[in-house]
Amino acid sequence: MALKKVSDKQIDQAIQDLHELAYNLWHSWNPAAQRIFQELSPFFWEDTNHNAVEVMNWISGPELKGRLQNPDFYTRVAAVCKSYRDYMKPKGTWADKHAAPLKHAPVAYFSAEFGLHESLRIYSGGLGILAGDHAKSASDLGLPLYGLSIFYRQGYFRQQTSNEGWQQEFYPTFDPARLPLRPVNDKKGNRVICSVPIGNTNVEFQAWAVGVGRVTLFLLDTNLPQNSQFYRDLSAHVYGGDQTNRIGQEILLGIGGVRLMRKLGINPSIFHMNEGHSAFLTLELLREQLQAKKPLAEAQAFVKKHCVFTTHTPVPAGHDKFDRGLMEANLGPFASAMGMSIDDMMAYGRVHQEHPGEGFTMTVLALKMCRAANGVSELHGRVSQEMWKELYPDIQVSKVPIGAVTNGVHVTGWTSPTASQFWSTQLGPKWIDKFRDAKYWKETLESKKVSDAELWGLRTALRRELVEFARRRLREQNLRHNTNDVAMYDNILSPDVFTIGFARRFATYKRAPLLFRDLGWAIKVLTDKEKPVQIIFAGKAHPRDDAGKHFIQEIINITKRVDLFGRVVFVEDYDINVARYLVSGADVWLNTPRRPMEACGTSGMKVMMHGGLNLSTMDGWWREAYDGENGWKIGEDTTASSDQLQDDLDAASLRAVLENQVIPLYYDRGKDGIPHNWLKRVRHAMASLVPVFNTDRMVVDYTHKLYLPDSAKRK
Ligand SMILES: *Cc1c(COP(=O)(O)O)cnc(C)c1O
């Protein structure tokens with residue numbers, strides 16, 4: 001049957017809808033929507049790191065019209081646009097029912113970085129990914145939330161490595177017109193301009209809006225001609241500058257974020273600080289109250305009532321701290337305008353107010369000025385209580401008011417297109433509404449509704465996709481290194497070999513080289529003829545972290561060994577796209593942080609929907625998740641007396657678990673070639689992890705524990 005001809009009117013509407021869709025990152029967690037942009041130009045789609053705005057700019061009007069005249073293509077476009085419109089105008093969301101007091105009293109969620117999509121490089125690592133996933137789940141749940149962050153014109157850095165394996169950073173400049181950013185304008189269509197005081201300078205900024213489903217993220221940007229070059233560059237890099245740049249960025253985010261909300265007439269009932277970077281917002285709220293002639297005590301109580309805080313760092317050195325001189329130079333005039341001396345202000349950020357030498361710690365400010373605070377896993381909550389107990393001298397450590405909300409991941413956003421299609425085919429379209437339903441996952445996976453053959457088919461496809469991706473990337477990397485024989489990269493890695501993934505920031509506590517502590521052992525195990533193993537690494541070290549760069553170099557040197565060639569590879573320029581390939585293709589996700597340094601960790605959660613298994617030290621989320629059968633543990637749930645000893649113990653444990661348990665189980669095959677006992681573990685891992693370690697559960701927890709309490713009193 002011939003499909004009906006598509007009318008001009010329908011085509012015009014579809015073009016308009018596609019432009020709209022390109023600007024809303026909802027498409028990034030909707031595989032059918034992504035497929036449409038991909039189909040428009042597969043090459044450009046890959047080349048732009050899946051940037052729908054670039055694809056729409058690139059395809060000419062006449063071509064798009066022509067393509068939409070094809071009834072099949074048009075029908076799919078129309079269906080996607082309809083589901084987008086339905087999503088944006090929901091009837092009866094979770095929040096309508098369970099968070100009604102927030103309906104006209106939204107949450108303003110502040111984070112120095114947001115990891116939403118590979119084409120929008122304004123994130124450095126897990127903190128940003130968490131913020132992005134929080135926003136996506138808030139959208140899915142219908143929770144009224146606005147995000148606030150900075151538009152970093154040069155983002156975090158792009159990574160290459162030299163012939164010597166040394167990390168090199170470069171910083172391409174982004175063009176907002178090629179990103180899913182829309183200028184924030186007032187009702188008359190004029191650009192909204194606000195300002196923040198930094199020292200004696202009034203620094204002006206504009207804002208960009210990013211659609212994240214039903215949530216809007218505002219990105220502040222000081223790159224305006226009326227600012228001096230110094231302040232135009234304030235927002236250039238994620239965590240790139242010195243202390244002066246850092247304090248300026250934090251004034252912009254905290255104080256500027258509140259001012260933007262006011263200017264736009266948005267009246268948040270909760271200010272959520274995701275890490276201490278944005279804590280100056282509490283001083284701006286205090287200033288507003290004092291200006292309205294409230295007495296100080298009342299003003300402080302008001303601020304506290306509206307602020308909540310999530311801490312992420314289990315080491316004191318990881319918390320931003322500014323000395324008095326820097327504070328005075330940058331916030332002196334702001335303090336005076338509030339009728340405060342700089343020492344009055346310093347007291348808000350000092351553990352011991354009376355210590356004149358103590359610096360100003362952003363976490364201390366946040367803790368003093370918030371109603372509720374939390375760490376990001378149970379252990380991290382306790383470590384944080386211990387770390388900040390001096391702020392609460394009159395109470396027991398266990399009563400220090402820092403709770404815990406364990407992180408999760410936004411499952412549909414982190415499920416690869418292949419896996420997403422697989423689950424939709426196997427389970428029907430409803431699986432994406434079931435992430436908090438433990439019974440559903442248990443029944444689905446135990447009933448063998450999905451057979452072992454099908455599940456193994458998925459694993460094999462995902463592993464092959466990863467190997468193809470890695471080969472492509474390595475060929476490009478090595479072309480740059482003048483390797484004569486680039487073709488040899490066509491034969492590295494194998495789609496049928498047991499594959500370990502390791503990718504994250506190369507902070508030294510994550511101990512990337514732990515597996516190679518006994519190199520002889522590693523060579524023996526990786527190159528075993530019957531039970532071979534391959535490992536794919538990726539990750540960036542902070543530009544000023546030479547120790548982290550040495551770890552990268554150590555791994556790269558190993559990848560170059562003749563006896564390990566093609567078994568260990570390092571993929572450069574880790575980002576969300578690389579992460580998605582790795583977490584979907586790896587059979588085992590290796591996680592080796594030195595306990596208790598990993599506040600939570602989230603990359604291991606991303607393997608869930610792909611049938612991957614975790615092998616991890618008992619830190620962060622894993623010590624809550626591990627039940628003896630849903631993956632493996634490295635070492636015990638204890639901390640050794642020294643780092644050296646801890647590393648030795650963990651390395652030995654890792655070797656033993658891999659050699660005696662993980663690898664044999666993987667290669668224990670039935671007559672049909674399928675590792676049935678392995679898949680039993682995969683089923684149990686999915687059933688036990690999916691319903692817990694997702695951001696729908698996490699945002700619901702935040703709503704009940706941090707957002708809703710006392711909502712009546714905030715009116
Ligand atoms: C998930 C993710 C992280 C966080 O990984 P951890 O294991 O928690 O350190 C960092 N960077 C990227 C790009 C990610 O996707």
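Atoms within a ligand are numbered from 1 in the order they appear, just like the ligands themselves. Here the structure is a predicted model, which means the values were calculated and not measured.
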May I ask you to check whether Y123 and F114 place their ring centres under 6.0 Å from each other?
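F114 vs Y123: aromatic centres not under 6.0 Å.
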Compare every heavy atom of W431 with every heavy atom of M609, then report the nearest pair and how far apart it is.
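The answer is CE-CZ3, 3.6 Å.
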Parallel, tilted or perpendicular for Y626 and W622, by the 30°/60° rule?
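The arrangement is tilted - the two ring planes meet at 30° to 60°.
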Parallel, tilted or perpendicular: which one describes the rings of H272 and Y702, with boundaries at 30° and 60°?
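H272 and Y702: tilted rings.
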Are K540 and F506 in a cation-pi setup, meaning NZ or CZ lies under 6.0 angstrom from the ring centre and within 45 degrees of the ring axis?
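No.
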Is any side-chain heavy atom of D221 less than 4.5 Å from a side-chain heavy atom of I150?
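No, side chains not in contact.
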Could you pull out every N or O of ligand 1 that sits under 3.5 Å from a protein N or O, with the distance for each pair?
residue  : atom   : partner : partner atom : Å
ligand 1 : 7 (O)  : S603    : N            : 3.4
ligand 1 : 7 (O)  : S603    : OG           : 2.4
ligand 1 : 8 (O)  : T602    : N            : 2.7
ligand 1 : 9 (O)  : K510    : NZ           : 2.5
ligand 1 : 15 (O) : K606    : NZ           : 2.6

